[in-house]
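Since the structure comes first, as structure tokens, the remarks are kept for the end.
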Amino acid sequence: ALMKVLFYSLLAFLLVNSSCTGTQAHTHTTIKDLDEAMIDLRAYQEALGEHIKSGNLKDADWLYTGMDSVLQVLSNTFPTHRKLKKPFKEYVEVKLQKPLALIGTAIEKNDSSLALEQYRILVRRCNSCHKDLEIDKQVWE
């Protein structure tokens, strides 16, 4: 389990650092398609969950920030997609905004219980969206 956490932490670190270099670091776009970008999001989500479950909210904080940043980039980049019925941003606002905000609040307050509760809600909402859009991928808690 520790190796998995370290792997995802390193992966997330590399993703953040590589996205912060170059001339387009602040344009909020990606050259990846939505499926590829969701793989990045999955790395953050799984590592965030591992840190929350272990009570390591200090490290969960930067993963939360990275995950939120990826969601912002995806929201700005994908107003349409072959499977989306509306812009990605609307799915984030309706399904993810509240649990994400509460995860951030829980991390600030060092409240592992609230963070874990909201993380589980976040995962369920991600999965409900995947199911609604007939995406054959499941977000694991």
Side-chain angles (χ1 to χ4, degrees), residues 1-133 135-141:
L2 179 59
M3 291 304 292
K4 183 178 176 182
V5 170
L6 291 173
F7 170 76
Y8 283 118
S9 296
L10 177 61
L11 179 62
F13 174 77
L14 292 172
L15 290 170
V16 169
N17 283 337
S18 66
S19 69
C20 292
T21 60
T23 57
Q24 294 186 346
H26 299 289
T27 60
H28 301 288
T29 60
T30 179
I31 59 172
K32 297 177 179 184
D33 69 19
L34 184 57
D35 294 334
E36 293 170 322
M38 290 299 250
I39 292 170
D40 295 345
L41 190 58
R42 179 181 177 181
Y44 279 105
Q45 173 263 320
E46 287 181 356
L48 175 67
E50 291 293 325
H51 285 292
I52 289 173
K53 289 174 196 171
S54 70
N56 185 0
L57 297 186
K58 181 181 177 193
D59 288 334
D61 186 35
W62 73 268
L63 290 162
Y64 163 78
T65 301
M67 187 170 144
D68 189 53
S69 295
V70 171
L71 284 168
Q72 285 298 320
V73 169
L74 296 179
S75 292
N76 293 334
T77 305
F78 295 101
T80 61
H81 188 265
R82 62 185 169 77
K83 286 207 169 190
L84 297 180
K85 297 173 184 166
K86 53 189 173 184
F88 185 81
K89 182 178 187 171
E90 291 184 36
Y91 293 99
V92 172
E93 289 171 354
V94 170
K95 293 198 175 244
L96 307 181
Q97 193 169 29
K98 184 177 178 183
L100 279 170
L102 289 172
I103 289 170
T105 299
I107 289 171
E108 286 176 20
K109 293 181 177 182
N110 201 32
D111 185 342
S112 295
S113 177
L114 177 61
L116 184 57
E117 174 188 337
Q118 292 305 311
Y119 175 77
R120 288 183 171 144
I121 290 170
L122 178 74
V123 168
R124 284 194 302 272
R125 289 186 177 182
C126 289
N127 283 327
S128 73
C129 188
H130 290 189
K131 184 178 178 181
D132 291 347
L133 297 173
I135 298 168
D136 192 27
K137 293 184 173 97
Q138 187 172 6
V139 178
W140 294 100
E141 201 177 295

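For reference, positions follow the sequence shown, starting with 1.
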The side-chain contact (heavy atoms from CB on, under 4.5 Å) partners of Lys85 (sequence neighbours excluded) come to Tyr91, Leu133
Only distances under 3.5 Å count here; give the side-chain donor-acceptor pairs of residues 92-106 to other protein atoms, sequence neighbours excluded, each with its distance to 0.1 Å.
unit_1	atom_1	unit_2	atom_2	d
Lys95	NZ	Ser128	OG	2.8
Thr105	OG1	Ala101	O	3.1

Nearest-0.5 Å distance, CD1 of residue Ile52 to OG of residue Ser113: 11.5 Å
With sequence neighbours left out, what residues match Asn110 under side-chain contact (heavy atoms from CB on, under 4.5 Å)? Leu57
When rounded to the nearest 0.5 angstrom, what distance separates CE in Met67 from CG in Asp40? 12.5 Å
Distance check, rounded to the nearest 0.5 Å: Tyr119 atom OH versus His51 atom NE2? 11.0 Å
Give me the atom names and distance for the closest heavy-atom approach of Thr77 to Val73. OG1-O, 2.6 Å
When rounded to the nearest 0.5 angstrom, what is the spacing between CD1 in Ile121 and CZ in Arg125? 6.5 Å
Walk me through whether Leu74 and Phe78 qualify under side-chain contact (heavy atoms from CB on, under 4.5 Å). CA-CA 6 Å; Leu74 296 179; Phe78 295 101; 3.7 Å; yes
Contacts of Asp68 meeting side-chain hydrogen bond (donor to acceptor under 3.5 Å, both in side chains) (sequence neighbours excluded), chain-then-number -> none
Distance col, row Leu48:CG vs Trp62:CH2, nearest 0.5 angstrom, shows 10.0 Å
Output all residues satisfying side-chain contact (heavy atoms from CB on, under 4.5 Å) with Glu90, sequence neighbours left out; order by chain, then residue number. Lys86, Pro87
Out of curiosity, Gln45 CD to Leu71 CG, how far, rounded to the nearest 0.5 Å? 10.5 Å
What pairs of residues pass the salt bridge (charged side-chain N to carboxylate O under 4.0 Å, His left out) test when at least one of them lies in residues 101-116, not counting sequence neighbours? none
